[in-house]
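Everything below concerns the one structure shown next.
Indexing begins at 1, ligand by ligand and atom by atom, following the structure's order. Just so you know, residue 1 is the first one in the sequence shown, and it goes up from there.
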Amino acid sequence: MARLRLPSLVDIHVHLREPGGEHKEDFESGTRAALAGGITAVLAMPNTQPPLIDSESLALAERAAAARACCDYGIYLGACAQNIAFAAELAPRVCGLKCYLNDTFGTLRIDADDLRTLREHFERFPKDRPIVCHAEGQLAASAILCAHLANRSVHIAHVSRADEIALIRAAKERGIAVTCEVCPQHLFLSLADVPRLGKGRAEVRPRLATPADQAALWANMAYIDCIATDHAPHLLREKDSDSPPPGFPLLEVSFALMLTAVHEGRLSLEDVLERMAHAPRRLFGIPEPEQTWIEVDTDLTWQPRGAEMFSRAAWTPFEGWTLRGRVESVTLRGAEVYRGGISYAVAGTGRNLAAR
Ligand code: NCD
Ligand code: ZN
């Protein structure tokens, strides 16, 4: 092995919980966690409290991020029936539009039967700016067709089922403009892991799937554009409660999981960098900052421990796994912001990717 200098990673699906959920994570804790995972830019989801659906709510997240972010960031606007008329005006301030078609954490939603709202957003949001859909099962087919009819591309978040990746593959083979991401939890965990994790801790959306679904994702890696974490921090006392919220914190282990898969010969290092660095930058138009890189020890074996994480969630579904490959240091715009488990980043120095 080796100590390698690699391009820094970009995570296009992250929940940082500001405004309204700061006890779970905020822009500082979440971006320090990102840097520890080799990620120098995160795209933050809008299912906050309040949800980010208009200029005022967006400003709450913008101010929090400007004050506290340690790495670069973009912020998504949430689509709903109430903001059809003005979502497009807000496009310059955001990294993309997020449409939640399925039930998940928070209240932000486009009703599954509200076809009109979905089509209006697809028609009106600038066609050259990303739209990301949480659309499972048949709703993925709905999102892909609506985007196609609107003459635009759509990105399907956290694809987790064999039928979904087969659908996306078929659409791509017909030249339809669709991209997708898969998350580490659906590549490395399945329903077989639920007893070990426990019911509350295993809650995640999309739910963990069958080993056959898991195998289908690996078999169709060629059709997976990005690996994104869907870092969804919740505290252990919430996960272990009677109504456990769905989601896993993943920023600090995702790259190590993928490096472990490289060691196992499941894909190449280039395959991983394409999906965690190059494709995310291309799809969202995020240039690589100058003097920015990560150093990785691809041989080092280590065991993730929730208690050692920067994320306020402080737990991981991969607790005690033996992973091979670890981020040693991160340099962002010439400043070493992370090395050997210590965060040196200064809160508020992360840049809003929309302010270009
Ligand atoms: C996410 C969250 O907690 O915000 N939870 C999850 O299980 N992924 C919401 C989401 O992305 O669906
Ligand atoms: Zn999410």
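Here atom 11 (O) of ligand 1 lies nearest to His15 when heavy atoms of Lys98, His15, His134 are compared. By heavy-atom distance, the residue among Thr48, Asp230, Leu16, Leu108 lying nearest atom 8 (N) of ligand 1 is Asp230.
An N or O contact shorter than 3.5 Å is missing between Ala232 and ligand 1 by distance. Polar contact check, His234 against ligand 1: a nitrogen or oxygen pair lies under 3.5 Å apart. Where the criterion is an N or O separation shorter than 3.5 Å, residue side chain and backbone included, Gly247 meets it with respect to ligand 1.
Contacts of Glu203 with ligand 1, taken as heavy-atom pairs under 4.0 Å, are absent altogether. At a heavy-atom cutoff of 4.0 Å, ligand 1 is contacted by the side chain of Thr104 but not by its backbone. Only the side chain of Asn47 comes within contact range of ligand 1, with a heavy atom under 4.0 Å; no backbone atom does. Residue contacts with ligand 1, taken as heavy atom pairs separated by less than 4.0 Å, involve His13 solely via side-chain atoms from C-beta onward. With a heavy-atom cut-off of 4.0 Å, Arg205 touches ligand 1 through backbone and side chain alike.
Comment: Arg324 engages Asp299 in a salt bridge, judged by a side-chain N to carboxylate O separation of less than 4.0 angstrom. The existence of a salt bridge linking Glu274 and Arg282 is confirmed by a sub-4.0 Å separation between a basic side-chain nitrogen and an acidic carboxylate oxygen. Salt bridge status for Asp240 with Arg201: present, with a side-chain N to carboxylate O gap under 4.0 Å. Electrostatic pairing of Arg339 and Glu328 does not count as a salt bridge here, judged by no charged N lying under 4.0 Å from a carboxylate O.
Partner of Leu43 under the side-chain contact (heavy atoms from CB on, under 4.5 Å) criterion, out of Ile75, Leu16, Ile12, Val132: Ile12 alone.
Looking only at protein N/O/S atoms, the ones less than 2.8 Å from the Zn ion (ligand 2) make 3 in total.
A ring-centre distance under 6.0 Å is found for His234 and Phe105.
Here the CD atom belonging to Gln291 is positioned 10.5 Å from the CG atom belonging to Leu332, to the nearest 0.5 angstrom. Taken to the nearest 0.5 Å, the CD atom of Gln185 stands 9.5 Å off from the OG atom of Ser254.
Listed by first then second residue, pairs satisfying ring pair (Phe, Tyr, Trp, His ring centres under 6.0 Å) with a partner in residues 32-68 number zero, not counting sequence neighbours.
Taking Ile, Leu, Val, Met, Phe, Trp and Tyr as members and joining any whose side-chain heavy atoms lie under 4.5 Å apart, directly or through other members, the hydrophobic cluster of Leu149 also contains Leu145.
Considering only non-hydrogen protein atoms, atom 5 (N) of ligand 1 sits nearest to Pro246 O, 3.1 Å.
Annotation: side-chain contact (heavy atoms from CB on, under 4.5 Å) contacts of Ala177 (sequence neighbours excluded): Ser153.
The ligand atoms of ligand 1 that sit less than 4.0 angstrom from a heavy atom of Val204 are 7 (O). Close approach to Arg17 involves these atoms of ligand 1, each under 4.0 Å from a residue heavy atom: 2 (C), 3 (O), 4 (O).
Judged by distance alone, the side chains of Arg281 and Ser8 do bring a donor and an acceptor atom under 3.5 Å apart.
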